[in-house]
K.L.:
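Right, I'll just put the structure down here and ask away after.
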Amino acid sequence: MYQAPRGTIDILPDEQNYWRYVEQKAAGVCRLYGYQRIDTPAFEETGLFTRSVGQGTDIVEKEMYTFKDKGDNLITLRPEGTAPVCRAYLEHGMSNLPQPVKLFYFADIFRYERPQAGRLRQHHQFGCEAIGESDPSLDAEVIDMAWRFFASLGLRNLSLVLNSIGCRQCRPDYIRTLKDYYVKHAPELCPDCSTRLERNTLRLLDCKKPSCQKIADAAPRSADHLCPDCAAHFAGLQKYLQTLAIPYAINHRLVRGLDYYTRTVFEIQPEDAGGQSTIGGGGRYDDLIEELGGRPTPAIGFATGIERIILNLKKQSIAVPPLPIPRVYIACLGEAAREAGIRLGADLRKAGTGVIVAAGSRSLKAQLRQANSLAAQFAVILGEEEVRAGTAAVRNMATSEQQAVSLGELLSVILNEQGD
RNA sequence: GUGAGUGUAGCCCAGCCGGUCUAAGGCGCCAGGUUGUGGCCCUGGAGAGCGUGGGUUCAAAUCCCACCACUCACCCCA
């Protein structure tokens, strides 16, 4: 027997209402903020990701699904959503549109990771990007949008953590300062951190080991080493978040795993944080468009993990509306009745009503049993008697009331009945 | 990539100091209990040879090994 590849899941019919719910809420929020949908390919030229996400990152170093296709092109299944959107922005000359350009997407994301709950090799993200504006009010708006999205889903007890990691003017100085500090503590660092010291100094702050955390807590803070522009930007963002009454906590150890981030970085997570807790995160990437060959263009965005959102919807027992199902079940006894049933089903569907026409030749009892378990509101019973009389028995499944209706009236009777 | 736990029918699971296990039960599914009628109830039926592959043994779902998958933690992030 085959099974789904490791770290992938089938999203079965029973789960689909969660997915539709999340998508619908996301689209609703995007409409509120003027974001338009974009869909990009599931794979891109590998260089797009190594260039943007960064050579030293875990994603590029060990998590990408990369292969050569039959035309000898180096291809990578997208491990994140921002770079493809930026590529599309450039490729289609969106810098000629009114700025900022506001885009959202639903995308499947591929990373070769060790799977566990809330962490898959193929997962789905909803994300937004606002490209072409550096004003901190846009940062606040993007965070507000993410915040409103989670609120509209009904998720409670979320926390927003925030930081600014500076820009290419001030960050090198900061990293030098940070490195000097860490070099002094080198003997106390865990093995991972010892290698990070050279390879990716910023990520030292992110280490979860208690011993390293103590060092990180006392480390120089990026927010204290911002250049005047970045400091003003960060102050502006906080002011606007206060204007929007969005609660936040600054965590100077928050750095993100992708190299393209500048200035603002943020994450949103449930307060009862478990292992894979972050349900959304994002930040500014003011240099990325330029890095990809465009003119200097500031931008900010965020992404959310749909599987993790659904995990939390379930954890918080949030009721999600069911998907619509057919209201009418047509039971047929005999060949003449079947033909009548098929015709009736076609008419009802033409009128926009969902119908299940019983197939096969099971007993009436079995057909009604099925109507019941499919939660139909009405069963229409067609047998030889009815066909002969030119009628059908319409049974209200909730009340068990049953009446004979002439075939001519049947359509209007069913369409007018509320069911319950 | 590291460490630990788990793996029996579609689902939940009993059994696991080896031997009537030709593997139990519940849910679900199918059928019957009315000659054309559901949801409750009753009866019956189908459905696994015990994650996969080896090994130990007269004998393994039950012991050992490997692999695979899932879960949890690390790591990483959504």
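In what follows, chains carry the letters A, B, and so on, assigned in the order in which the sequence lines appear, proteins first and then strands, with residues in each chain numbered from 1. These values consider heavy atoms only, across backbone and side chains, with no hydrogens, waters or symmetry-generated copies.
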K.L.:
Taking N or O atoms only and anything under 3.5 Å, show me the protein contacts with nucleotides 42-51 of chain B, one pair per line.
P.N.:
none

K.L.:
I'd like a list of close polar pairs between nucleotides 7-12 of chain B and the protein, N/O only, cut-off under 3.5 Å.
P.N.:
none

K.L.:
When you compare B:G15 with B:U71, how far apart are their C1' atoms, in angstrom units rounded to a whole number?
P.N.:
23 Å

K.L.:
Can you list the residues that meet the salt bridge (charged side-chain N to carboxylate O under 4.0 Å, His left out) rule with A:R369, with sequence neighbours excluded?
P.N.:
none

K.L.:
Just jot down the side chain to side chain contact (heavy atoms under 4.5 Å, CB included) partners of A:R168, sequence neighbours excluded, or say none.
P.N.:
A:D287, A:E290

K.L.:
According to the Watson-Crick and G-U wobble definition with distances under 3.5 Å, which dot-bracket string, read 5' to 3', encodes RNA chain B, using [ ] for crossing pairs and | for pairs with another strand?
P.N.:
((((((((.[[[..)...(.....]]].(((((.......))))).....[[[[[..)....]]]]])))))))....

K.L.:
What nitrogen or oxygen pairs link the protein and nucleotides 67-69 of chain B at under 3.5 Å?
P.N.:
none

K.L.:
Could you tell me which residues satisfy salt bridge (charged side-chain N to carboxylate O under 4.0 Å, His left out) with A:D259, sequence neighbours excluded, listed by chain and number?
P.N.:
none

K.L.:
Run the ring pair (Phe, Tyr, Trp, His ring centres under 6.0 Å) test against A:Y285 and tell me which residues pass, sequence neighbours left out.
P.N.:
A:Y260

K.L.:
Going by ring pair (Phe, Tyr, Trp, His ring centres under 6.0 Å), name the residues that satisfy it together with A:W147, two or more places apart in sequence or in a different chain.
P.N.:
none

K.L.:
Would you please name every residue forming a side chain to side chain contact (heavy atoms under 4.5 Å, CB included) with A:S361, sequence neighbours left out?
P.N.:
none

K.L.:
Indicate, with a heavy-atom threshold strictly under 4.0 Å, whether A:E80 touches base, sugar-phosphate, or nothing.
P.N.:
nothing

K.L.:
Test of understanding: with salt bridge (charged side-chain N to carboxylate O under 4.0 Å, His left out), list the residues that count as partners of A:R121, not counting sequence neighbours.
P.N.:
none

K.L.:
Can you list everything that forms a salt bridge (charged side-chain N to carboxylate O under 4.0 Å, His left out) with A:E409? Sequence neighbours excluded, please.
P.N.:
none

